[in-house]
Structure formats: C-alpha cells, structure tokens
Amino acid sequence: MTTRGYPAVLANLDEEDAWYDDDAGPVVRPYAMTSGRTRPVRPELDLISQVTTCPDVRGAEPLSPEQTEIIERCRRPLSVAEIGAALNLPVGTVRVLVGDLLDAGLVETREPPLLTELPSENLLEALLAGLRAL
C-alpha cells in the first residue's frame, strides 16, 4: 500500500511527525543558481584562489542573492573553499558564481603560487640559520 507514492511505512506517521516541503524554507538547487552550468566560463578556479571584491563596485547589474553575498563577504580576501563553507554551497557552484562575477568585473582573484615560484628549501634553511645567528 502506498500513500501519494510514498511507502506504507510513511502512511503510519502522525500528522505532527510529517515533514512537508513548506517546512524546508526557501530551497534552491545549486543547478538553478548557475542556470544549469557546472563549469565556469573562465578556467577552473583553485580551491585556495583568493577572491576579493573590486573597490569600485556600486549598483552593479542585477545579481542573485548568492552573488550579492559573495560580494559582501569578499570585501576581505576569501578563498573559494571559504566562500563555499560560508554560504553552505558546493564548491562547483561557487566556482561558477565567482566566474560570473569575474566576467562582470565585480571581483578579482589571486591564484596560489606555483611550486616552482616558491623559495627553495636551501634558501629557507639559510634564512633560518641567519636569523638564529642574530
């Protein structure tokens, strides 16, 4: 036996135990926020790419609530992963939203340095030895 397509087990729940979609509040699926896109137009953003709101952002084009929240939170640099955690959104969705903001010129990103750009271990050891000698 089923009730409205649900198994008979759910039909035995008390009315106060039942959970309805209205109780969930405003729920928007991530694909709806990105118009079904799963990848940003720009190259893939790294999880630790730093996102910062451009200083001259005023009255920009109509933005989604999530994009508005990204702009507000990124007044100080945040990584893509931090944005996802703060907004409780999947990182893939955040990448698409940030990519759209990048295209609109509303945010800037700084990519993490490549391993070849980092100082060598020998240089760091020499620096540490020099500091200890002071």
Walk me through it: do Val107 and Thr52 pass the test side chain to side chain contact (heavy atoms under 4.5 Å, CB included)? CA-CA 5 Å; Val107 296; Thr52 309; over 6 Å; no
Checking Leu101 against Leu63 for the side chain to side chain contact (heavy atoms under 4.5 Å, CB included) test, could you report, in this order, the C-alpha distance in whole Å, the side-chain angles of both residues, the deciding distance, and whether it holds? CA-CA 9 Å; Leu101 292 171; Leu63 300 172; 4.0 Å; yes
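A single hydrophobic cluster is not seen to contain both Leu128 and Leu134; linkage of ILVMFWY side chains at heavy-atom distances under 4.5 Å, directly or through other members, places them apart. Hydrophobic clustering of Ile, Leu, Val, Met, Phe, Trp and Tyr side chains at less than 4.5 Å, counting indirect connections, keeps Ile48 apart from Val51.
With 3.5 Å as the limit, one finds a donor-acceptor pair spanning the side chains of Ser49 and Glu111.
Of the possible donor and acceptor atoms, none in the side chain of Thr93 sits under 3.5 Å from a partner among the backbone N and O of Leu89. The closest donor-acceptor contact from the side chain of Glu72 to the backbone of Glu69 lies at 3.5 Å or more, if one exists at all. Side-chain atoms of Arg95 come within 3.5 Å of backbone N or O of Leu45 as a donor-acceptor pair.
Two residues are said to be in side-chain contact when any heavy atoms from C-beta on lie closer than 4.5 Å; Leu106 and Thr53 fail this criterion.
The line from CZ of Arg110 to CG of Asp46 is 13.0 Å long, rounded to the nearest 0.5 Å. Atom OG1 in Thr109 sits 5.0 Å away from atom CG in Leu102 (nearest 0.5 Å). Rounding to the nearest 0.5 Å places CD1 of Ile83 at 13.0 Å from CD of Glu66.
Closest approach of Gly84 to Val94, counting heavy atoms only: CA-CG2, 3.5 Å. In plain terms, the two heavy atoms of Leu123 and Pro119 that are nearest each other are CD2-CB, 3.8 Å. Between Arg73 and Leu87, the closest heavy-atom pair is NE-CD2, 3.8 Å. The shortest heavy-atom contact between Gly105 and Cys54 is O-SG, 3.4 Å.
Heavy-atom neighbours of Glu125 CD from other residues, nucleotides or ligands within 6.0 Å: above the threshold of 12.
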